[in-house]
Amino acid sequence: MHLTARPPFSFPAVVHSHGWRQLHPFAWDDQNERLTYLLELPTGRVTRLTFSAAADGLEVQVEPQLTQGEMEYAVRAARWIFGLDLDLQPFYTLARQEPKLAHVPETARGRVLRSATLFEDVVKTILTTNTQWGGTKRMVRGLVENFGAPLDGDTTSRAFPSPARLAELSREQIEAAVKLGYRTPYVLELARRVASGELELEALKDAGLPTDELRKELLRIKGVGGYAAANLLMILGHYDAIPIDSWAHKLVSQEFYGGEPVTPAQIEAVFAPWGEYKGLAYWFWQWETA
DNA sequence: GGTAGACCTGGACGC
DNA sequence: GCGTCCAGGTCTACC
């Protein structure tokens, strides 16, 4: 299957936009430059999507064979995962005027790799908080391996667990399988709210809400604070928020404040001139010390 | 609105 | 091998 992207587009730029390619059920094959992803379909079946670069977009290998309805769902998911329809031209126009960002339009950066569902990305983001990257990878892997639906005939390949699957578990069942620490009730509560229909998370993808309202919605989720909300806003294509974590403090301190400790307000001030694109400006800044 | 302390885990470190 | 300390954001209680 071939999918075209709004130009300019770079397959490796999306894959390497952040660490998501290292989280199950993504798997990055560095040697062959292919990204695989296990996707659970609305029918309950699981498909393996293998993405590689094409001249004007993506080449996608789909297995096993899908029905027409399943294929349409897989195409929509693939377009979302890679942000194939995003228009970043206004940001590129600004970036060309800043030496630290000139590489962005030249290399077609700016898109951020995302999971098929917002539910999956919210859970993954919660699992990045208050832990190191190794811990995040361990926790996500544990959820997928223990609770994800398997590919037909291959129980070693599993999709990310659906809200319904997690919602039917008890806290004790999750704790026995994977140590999420104090995050267990957060993940469980989110899964139950989404599975029950109380929280229509996927509708936020194209709700057309202004950033402030979207941010408020995200902050209502237990376990999502300022950093996590900003990270999720980036994933949702709202770039006027900076995910300020300890790494951001370090980078901005060394680059702009001579190594002196900085406050979140100072970090915001540095990127304020980028307005609605300050999140992207921060994310793709060519740091001296990174 | 701002702040202190608790939350949980893995890893680093000292003994 | 064991105990202690620390890093990493968010929540809750309190002021």
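These values consider heavy atoms only, across backbone and side chains, with no hydrogens, waters or symmetry-generated copies. Predicted model, so just to flag it, every value in this text is computed and none were measured. Order of the sequence lines sets the chain letters (A, B, ...), proteins ahead of strands, with each chain counted from 1.
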[X] near the nucleic acid: base, sugar-phosphate alone, or nothing, with a heavy-atom cut-off under 4.0 Å?
{"X": "A/G226", "value": "sugar-phosphate"}
{"X": "A/L127", "value": "nothing"}
{"X": "A/S246", "value": "sugar-phosphate"}
{"X": "A/G223", "value": "sugar-phosphate"}

[X] [atom1] to [N] [atom2]: how many Å, rounded?
{"X": "A/N231", "N": "C/dT10", "atom1": "CG", "atom2": "P", "value": "10 Å"}
{"X": "A/L143", "N": "B/dT9", "atom1": "CG", "atom2": "P", "value": "14 Å"}
{"X": "A/I267", "N": "C/dG9", "atom1": "CD1", "atom2": "P", "value": "11 Å"}
{"X": "A/Y182", "N": "B/dG10", "atom1": "OH", "atom2": "P", "value": "13 Å"}
{"X": "A/R138", "N": "B/dT9", "atom1": "CZ", "atom2": "P", "value": "8 Å"}
{"X": "A/W133", "N": "B/dG11", "atom1": "CH2", "atom2": "P", "value": "15 Å"}
{"X": "A/E189", "N": "C/dT10", "atom1": "CD", "atom2": "C1'", "value": "13 Å"}
{"X": "A/R141", "N": "B/dG10", "atom1": "CZ", "atom2": "C1'", "value": "13 Å"}

Counting distance alone, no hydrogens or angles: does the base of C/dG9 have a donor or acceptor under 3.5 Å from a partner atom on the side chain of A/Y186?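 When only heavy-atom distances are counted, A/Y186 does not reach the base of C/dG9 through any donor-acceptor pair under 3.5 Å.
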
Whether the A/E98 and A/W274 side chains hold a donor-acceptor pair (N or O, under 3.5 Å, no angle test) is what I'd like checked.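 Short answer, no.
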
Where the side chain of A/H249 meets the backbone of A/P261, is there a donor-acceptor pair that is under 3.5 Å apart?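 It does not hold such a pair.
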
Along DNA chain B (nearest heavy atom to each residue), the more 5'-positioned of A/R183 and A/Q132: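 Per heavy-atom nearest nucleotide, the more 5' residue is A/R183.
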
With respect to the side chain of [X], which nucleotide from [options] is positioned closest?
{"X": "A/A228", "options": "C/dT10, B/dT9, B/dC7", "result": "C/dT10"}
{"X": "A/N130", "options": "C/dG8, C/dC11, B/dC8", "result": "C/dG8"}
{"X": "A/T129", "options": "B/dC7, B/dT9, C/dT10", "result": "C/dT10"}

Return the minimal non-hydrogen interatomic distance between A/M139 and A/V178, and the atom names on each side.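 Scanning both residues, the minimum pair turns out to be O-CG2, 3.8 Å.
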
5' precedence on DNA chain C between A/D245 and A/K222 (nearest-nucleotide basis):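 First, find each residue's nearest nucleotide; the 5'-ward one identifies A/D245.
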
Within 45° of the ring axis of A/W20 and under 6.0 Å from its six-membered ring centre, is that where the NZ or CZ of A/R114 lies?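 Pair A/R114/A/W20 does not count as cation-pi.
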
Using a cut-off of 6.0 Å, state whether more than 12 heavy atoms not belonging to A/K137 lie near its atom NZ.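 For A/K137, atom NZ is crowded (more than 12 foreign heavy atoms under 6.0 Å).
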
